[in-house]
Asks: 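One structure follows; several queries about it will come next.
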Amino acid sequence: MSAGDERPFRHKVKIPRDLGEKIGSTEKIIRLIKVGLLSLRATSLEREITDLTKRIGDSEKKIAELPKEIDRFQQLLQDAVKDRKRLEKLLNEKR
Amino acid sequence: MQLRRSSGKSVSIPVSREIIQLTRELSISLDMEAVQNAIRLGTELLSQESELEHTLEKLEETKKRLASNFRRIASQALQLESRCVGARSQFAAVSRDNRVLAMHLCARSLKSRREEQLKEQLIQKYIMNYRNA
């Protein structure tokens, strides 16, 4: 741990004076801020989870579809290679 | 700790490392408006604090598990995409060569009817109906 970590934590936030006085104590304000932020973090995590689930679904779809696409191109390639041999043979024919 | 009375319109209060950590995770800064919003939300949910902490823990676990699954699945998808691009490029390259050969063949007349038919088929395929892969 660095020397900086051992110093008292000095981050401060500002709140309207009337709101602070209404809540009463610093501890209660800190607790309210913490609970509010926990709620925001939960919402943010839910969004991240929805996004990840969608991205996993998209990738699974690709994994299911791409082998067929690879097979299709390999078949087309085989046919094209056969055609090249035919073309070369025809071009080499003596007139 | 009671709030110290202040002559200004706002008061400054020290916050915990946990709060700073949460703001980092949320990528927000705690300006006065953000603090007021957090306090408003906190007031609504204060009775559910421990539930919220438990939910958050579960959500973090779920996210971690999904992120790990996603990395694995995305890597598989990437490999397949790469193979697909490779197969497609090879096919495109051979097709382009065949198109050039078919153009040379246009000017040639061949001996047999069978060869002429084959020539026509290949010209049809690689010149008339040619499409890039």
Side-chain angles (χ1 to χ4, degrees), chain A residues 8-21 23-27 29-42 44-46 48-49 52-53 55-56 58-63 66-67 69-74 76-77 80-81 83-84 86-88 90-91 93-95, chain B residues 1-3 6 8-20 22-23 25-26 30 32 35 38-39 41-43 45-46 49 52-53 55-56 59-60 62-63 66-67 69-70 73-74 76-77 80-81 83-84 87-88 90-91 94-95 97-98 101-102 104-105 110-111 115 118-119 122:
Chain A
F9 202 59
R10 292 205 176 273
H11 269 286
K12 289 187 173 182
V13 294
K14 279 185 178 178
I15 63 164
R17 188 163 57 92
D18 54 350
L19 179 62
E21 285 173 356
I23 297 167
S25 69
T26 305
E27 288 80 2
I29 294 168
I30 291 170
R31 192 169 161 217
L32 290 175
I33 294 172
K34 184 189 135 189
V35 174
L37 292 178
L38 286 178
S39 163
L40 288 174
R41 179 68 182 138
S44 154
L45 278 171
E46 278 165 0
E48 286 176 48
I49 286 168
L52 273 171
T53 307
R55 289 165 76 183
I56 287 172
D58 290 347
S59 291
E60 281 174 341
K61 202 173 158 192
K62 275 186 191 169
I63 288 171
L66 280 169
E69 195 67 355
I70 292 168
D71 285 349
R72 190 173 77 85
F73 279 121
Q74 281 175 343
L76 285 169
L77 175 64
V81 169
D83 285 343
R84 182 164 65 189
R86 288 187 189 117
L87 283 159
E88 284 169 348
L90 290 176
L91 282 166
E93 284 287 319
K94 283 184 184 167
R95 292 185 217 203
Chain B
M1 189 197 306
Q2 289 300 308
L3 286 170
S6 156
K9 287 184 178 173
S10 63
V11 285
S12 290
I13 56 162
V15 289
S16 59
R17 284 180 196 279
E18 191 184 8
I19 285 176
I20 297 303
L22 277 166
T23 60
E25 284 168 357
L26 286 162
L30 276 183
M32 209 180 331
V35 172
I39 289 174
L41 262 175
T43 310
L45 299 166
L46 190 60
E49 185 180 356
L52 205 50
E53 279 174 337
T55 303
L56 210 62
L59 287 171
E60 291 279 9
T62 305
K63 184 195 156 186
L66 286 175
N69 280 351
F70 174 66
I73 289 169
Q76 278 178 33
L80 284 170
E81 266 175 335
R83 278 181 56 199
C84 190
R88 185 183 170 141
Q90 274 185 300
F91 165 62
V94 177
S95 290
D97 289 349
N98 287 355
L101 294 174
H104 287 297
L105 196 60
L110 300 161
K111 284 186 292 189
E115 284 172 343
L118 184 56
K119 172 186 150 182
L122 291 166

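Labels below follow one simple rule: chain letters A, B, ... track the order of the sequence lines, proteins then strands, and each chain is numbered from 1. Both backbone and side-chain heavy atoms feed into the values below; hydrogens, waters and symmetry mates do not.
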Asks: Out of A:Val81, A:Asp18, A:Leu37, A:Val13, which one racks up the most heavy-atom pairs below 4.5 Å with chain B?
Replies: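 Maximum pair count with chain B is reached by A:Val13.
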
Asks: Give, as side chain, backbone, both or neither, the part of A:Leu45 having an atom under 4.5 angstrom from any heavy atom of chain B.
Replies: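 Just its side chain gets close to chain B.
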
Asks: Within a radius of less than 6.0 Å around NZ of A:Lys62, do more than 12 heavy atoms belonging to other residues, nucleotides or ligands occur?
Replies: no

Asks: If you round to the nearest 0.5 Å, how far is CD1 of B:Ile13 from CD1 of A:Ile29?
Replies: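 The CD1 atom of B:Ile13 is 4.5 Å from CD1 of A:Ile29, to the nearest 0.5 Å.
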
Asks: Tell me the closest heavy-atom pair linking B:Ala77 and A:Ser59, and the distance in Å.
Replies: CB-O, 4.1 Å

Asks: Atom CD of A:Glu27 and atom OG of B:Ser16: how far apart are they, to the nearest 0.5 Å?
Replies: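 Rounded to the nearest 0.5 Å, the CD-OG separation comes to 11.5 Å.
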
Asks: Nearest 0.5 Å please: distance from the NZ atom of B:Lys9 over to the CD1 atom of A:Ile15.
Replies: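 Interatomic distance, B:Lys9 NZ to A:Ile15 CD1, rounded to 0.5 Å: 16.0 Å.
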
Asks: Could you measure the distance from the CD1 atom of B:Ile39 to the CG atom of A:Leu32? Nearest 0.5 Å is fine.
Replies: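 Taking CD1 in B:Ile39 and CG in A:Leu32, the distance rounds to 6.5 Å.
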
Asks: Looking only at heavy atoms, which two atoms of B:Lys63 and A:Leu52 are closest? And how far apart?
Replies: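 That closest heavy-atom pairing would be O-CD1, 3.8 Å.
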
Asks: What is the distance from atom CG of A:Leu77 to atom CD of B:Gln90, rounded to the nearest 0.5 Å?
Replies: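 The CD atom of B:Gln90 is 5.0 Å from CG of A:Leu77, to the nearest 0.5 Å.
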
Asks: Do you know which of A:Arg86, A:Glu69, A:Arg31, A:Gln74 has the most heavy-atom pairs under 4.5 Å to chain B?
Replies: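 Highest number of heavy-atom pairs under 4.5 Å: A:Arg31.
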
Asks: From B:Leu30 CG over to A:His11 NE2, what is the distance, rounded to the nearest 0.5 angstrom?
Replies: 10.0 Å

Asks: Using non-hydrogen atoms and a 4.5 Å limit, figure out which bit of B:Leu110 sits close to chain A: side chain, backbone, both or neither.
Replies: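 Looking at B:Leu110, just its side chain touches chain A.
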
Asks: Looking at B:Leu41, B:Asn69, B:Leu56, B:Thr62, which one has more heavy-atom pairs under 4.5 Å with chain A than the rest?
Replies: B:Leu56

Asks: Taking the side chain from A:Asp83 and the backbone from B:Leu122, do they hold a donor-acceptor pair closer than 3.5 Å?
Replies: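 Not a single qualifying donor-acceptor pair exists.
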
Asks: Is there a side-chain contact between A:Leu19 and B:Val35 in this structure, where contact means two heavy atoms from C-beta onward sitting under 4.5 Å apart?
Replies: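 They are not in contact (no side-chain heavy atoms under 4.5 Å apart), so the answer is no.
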
Asks: What's the shortest heavy-atom distance between A:Arg17 and B:Val11, and which atoms?
Replies: CG-CG1, 4.0 Å

Asks: Indicate the atoms forming the closest heavy-atom contact of B:Leu26 with A:Ser44, along with that distance.
Replies: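 Heavy atoms of B:Leu26 and A:Ser44 come nearest at CD2-CB, 3.9 Å.
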
Asks: Shorter than 4.5 Å, heavy atoms on both sides: which option in A:Leu40, A:Leu76, A:Ile30, A:Asp58 has the most such pairs with chain B?
Replies: A:Leu76

Asks: When only pairs under 4.5 Å are counted, which of B:Thr23, B:Thr55, B:Leu118 shares the most heavy-atom pairs with chain A?
Replies: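 Heavy-atom pairs under 4.5 Å are most numerous for B:Leu118.
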
Asks: Give, as side chain, backbone, both or neither, the part of B:Leu52 having an atom under 4.5 angstrom from any heavy atom of chain A.
Replies: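 The side chain, not the backbone.
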
Asks: For residues A:Lys12 and B:Ser12, report the shortest heavy-atom separation together with the two atoms involved.
Replies: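 Closest heavy-atom pair between A:Lys12 and B:Ser12: CD-CB, 4.1 Å.
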
Asks: Looking only at heavy atoms, which two atoms of B:Glu53 and A:Lys34 are closest? And how far apart?
Replies: OE2-NZ, 2.9 Å

Asks: At a 4.5 Å cut-off on heavy atoms, which part of A:Glu48 comes close to chain B: side chain, backbone, both, or neither?
Replies: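 Just the side chain, heavy atoms under 4.5 Å.
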
Asks: Where does A:Ser39 contact chain B at under 4.5 Å (heavy atoms): side chain, backbone, both or neither?
Replies: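 For A:Ser39, the contact with chain B is made by backbone and side chain together.
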
Asks: Under 4.5 Å from any heavy atom of chain A, what part of B:Asp97 do you find: side chain, backbone, both or neither?
Replies: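 Side chain only.
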
